[in-house]
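What follows is a set of notes on a single structure, which appears directly below.
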2 protein chains.
Amino acid sequence: MAKRATGNAAMRKPRDPEASRADILRAATGEFAARGLDGARVDAIARRTRTTRAMIYYYFKSKEALYRAVLEEAYRGIREAEKGLDLAHLPAREAVAELVSFTFDYYHAHPEFVALVVAENQSGGRHIRRMQRIRRLNASIVDTIADVLARGQREGTLRAGVDPIELHMTIAALGWFEIANRHTFGYLFKRDFADAATVERDRARIIDVVWQYVRERGGAGADARR
Amino acid sequence: MAKRATGNAAMRKPRDPEASRADILRAATGEFAARGLDGARVDAIARRTRTTRAMIYYYFKSKEALYRAVLEEAYRGIREAEKGLDLAHLPAREAVAELVSFTFDYYHAHPEFVALVVAENQSGGRHIRRMQRIRRLNASIVDTIADVLARGQREGTLRAGVDPIELHMTIAALGWFEIANRHTFGYLFKRDFADAATVERDRARIIDVVWQYVRERGGAGADARR
DNA sequence: CGACGAACCGACAGTCCTGTCAATTCCGCT
DNA sequence: AGCGGAATTGACAGGACTGTCGGTTCGTCG
């Protein structure tokens, strides 16, 4: 057996603090997302890593500090991914659709992000208030949306009076619900959110809902259809 | 001091099993909503009542059974309240607005309902699946919405092709987000969801979003404007 | 090659929490 | 009055979990 490996996660070399830290963070993300802050067990996190519980306290000083690190990484994840969007070259209508689509798909691909934010709200937002960089980290999305709105208004395709933060909230809300509540809603109303056709349908519906909300409404029904 | 009181909650008589049970249920609702299933402490629930921890195990056999009872009551609460709506005498457009408005206001007035459902989803919906009557309990809302949709289509004010469950999900999603995520979203984007003007604005926006989604779109923009 | 400090580990102390039990009080009925 | 059973209580057993500590290993740098 090779004693040294090429730096991938599965066979990383021992005494690699960067990798250990990342390993713990990854494991903790899974555990906190699955069980929440109170439900998560530091022991369970340790078992998901190649290290021990003592190492977790060595790298992160407490369970809560680890949780804050996990939450910050989660926010960084979505905001970074959003920066990969290139909306500037799209007509406003398509830019809106792309933004909605991206958000919807991101939540679906990263339910742990949704779960972590849910957990934080369950704690009354006690921890996010102690995270220094978190507000600056999240500023980008509002700018992105404001840009699209301004351009669409110049184009004459989007109406005036839409607040960027409110649009962000609307887009988030529509995509959020079926991830955050998939277990209760799915069970009560027999909706299978794992089914690909259902997901497609929901994505299309949400894009439509948002479009109907932001489109310019003055023209005699020109844009009302579709 | 009077040894007997008139049966209200504050001064209920001792040895009143009905009242004790209700007292525990009420206290447990608060605790589970505030801290989730794992975060809730049976001791803390007991302290919120006029009884002791042992009584909780006497009336409900376990923490989880108590939690299930609380969750069922919470669902019953919103479904019962919905039955108080009288949508049949309203034109479909107003019926939709009333439905959205009601849902939005209910979530605002009963954040503990939102919190409990959030908690249940955090547990993967493990408990709701064991609740016998819960599905039947929730059937009413879909019927209500289906009725409004059918009537609106006959009136010619609502378009065809809107699925009742999907409309329910859309309405719920839009109202849900700002309650479920008020701490994170409120902090990150400096939005005060306790401010009355903000709430009014959000209610109006959500009504508009839903209306634009369900309205008949064929007529040349007749209904597109406000 | 030797020493130093970072990385790592096993075990333990202390606390908290759930669920149970034996014993007691109280109400309603005879 | 007193009996039977429901309601209520305090205390405890048992288990689980967090955070810490003393000691050990290992890479690196002089």
Side-chain angles (χ1 to χ4, degrees), chain A residues 1-7 9 11-28 30-32 34-70 119 123 126-127, chain B residues 1-7 9 11-28 30-32 34-70 119 123 126-127:
Chain A
M1 301 300 162
K3 264 187 158 180
R4 284 291 190 108
T6 49
M11 289 286 254
R12 74 181 165 75
K13 63 189 178 201
R15 301 275 156 156
D16 184 342
E18 297 297 314
S20 290
R21 205 173 193 283
D23 192 24
I24 293 169
L25 216 45
R26 182 193 46 73
E31 176 74 2
F32 282 127
R35 314 200 191 270
L37 176 52
D38 287 313
R41 298 290 162 246
V42 178
D43 224 12
I45 296 172
R47 260 181 269 120
R48 288 177 181 224
T49 68
R50 273 163 231 88
T51 69
T52 63
R53 199 173 60 249
M55 288 312 298
I56 292 174
Y57 287 93
Y58 177 73
Y59 282 108
F60 304 85
K61 67 163 199 163
S62 69
K63 182 182 177 182
E64 290 210 353
L66 172 58
Y67 166 79
R68 286 197 300 271
V70 164
S123 86
R126 211 171 64 246
H127 311 89
Chain B
M1 302 299 163
K3 263 187 159 179
R4 283 292 189 108
T6 49
M11 290 286 255
R12 74 179 165 74
K13 61 189 179 202
R15 302 274 157 155
D16 184 343
E18 296 298 313
S20 290
R21 206 174 191 281
D23 191 24
I24 293 169
L25 215 46
R26 183 193 47 73
E31 175 75 3
F32 282 127
R35 315 203 189 267
L37 176 52
D38 287 313
R41 298 289 164 250
V42 178
D43 223 11
I45 295 172
R47 260 180 270 119
R48 288 177 182 225
T49 68
R50 274 162 230 88
T51 70
T52 63
R53 199 174 59 250
M55 286 312 297
I56 293 175
Y57 286 92
Y58 178 73
Y59 282 108
F60 305 85
K61 65 163 201 165
S62 69
K63 182 182 177 182
E64 290 210 353
L66 172 57
Y67 166 79
R68 286 197 299 273
V70 164
S123 86
R126 210 170 67 247
H127 311 88

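A, B, ... follow the sequence lines: proteins, then strands. Residue 1 opens every chain. None of the values given here were measured: they were computed from a predicted structure.
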Could you tell me whether the phosphate oxygens of [N], OP1 or OP2, come under 4.0 Å of any side-chain nitrogen or oxygen in [X]?
| X | N | result |
| --- | --- | --- |
| B:Tyr57 | C:dT20 | no |
| A:Ser20 | C:dA7 | no |
| B:Thr52 | D:dT8 | no |

Take the protein atom [atom1] of [X] and the nucleotide atom [atom2] of [N], then report the distance between them rounded to whole Å.
| X | N | atom1 | atom2 | result |
| --- | --- | --- | --- | --- |
| A:Glu18 | C:dA7 | CD | C1' | 13 Å |
| B:Glu64 | C:dC17 | CD | P | 17 Å |
| B:Asp23 | D:dA7 | CG | P | 15 Å |
| A:Arg47 | D:dA16 | CZ | P | 11 Å |
| B:Asp43 | D:dT9 | CG | C1' | 14 Å |
| A:Arg53 | D:dC17 | CZ | P | 10 Å |
| B:Ile56 | C:dG19 | CD1 | P | 11 Å |
| A:Arg50 | C:dC9 | CZ | C1' | 17 Å |

What is the minimum heavy-atom distance between A:Pro17 and A:Tyr59, and which atoms define it? CA-OH, 3.2 Å
Note: B:Asp38 and A:Gly39 closest approach over all heavy atoms is OD2-CA, 3.5 Å
Counting side-chain heavy atoms from C-beta on, which of [options] comes nearest to [X]?
| X | options | value |
| --- | --- | --- |
| A:Lys63 | C:dC21, D:dT18, C:dG19 | D:dT18 |
| B:Ala54 | C:dG19, C:dC9, D:dT9 | D:dT9 |
| B:Thr51 | D:dT9, D:dC17, C:dC8 | D:dT9 |
| A:Tyr58 | D:dT8, C:dA6, C:dC17 | C:dA6 |

Determine the sole option in B:Leu25, B:Leu37, B:Ile45, B:Ile24 for which the side chain to side chain contact (heavy atoms under 4.5 Å, CB included) test with B:Val70 is passed. B:Leu25
Polar pairs (N or O, both sides) under 3.5 Å between protein and nucleotides 3-5 of chain C?
none

Around atom CZ of B:Arg35, are there more than 12 heavy atoms from other residues, nucleotides or ligands closer than 6.0 Å? no
What's [X] touching, base or sugar-phosphate or nothing? Going by heavy atoms closer than 4.0 Å.
| X | result |
| --- | --- |
| B:Ala65 | nothing |
| B:Phe60 | nothing |
| B:Ala40 | sugar-phosphate |

Under a 3.5 Å distance rule, please check whether A:Glu31 uses its side chain to pair with a backbone N or O of A:Val42 as donor and acceptor. no
I would like to know whether A:Phe32 and A:Lys63 meet side-chain contact (heavy atoms from CB on, under 4.5 Å); could you show each step before the answer? CA-CA 10 Å; A:Phe32 282 127; A:Lys63 182 182 177 182; 4.2 Å; yes
A:Asp23 with A:Arg50: basic N within carboxylate O range, under 4.0 Å: yes
Do A:Thr49 and A:Met55 make a side-chain contact, defined as non-hydrogen atoms from C-beta onward lying under 4.5 Å apart? no
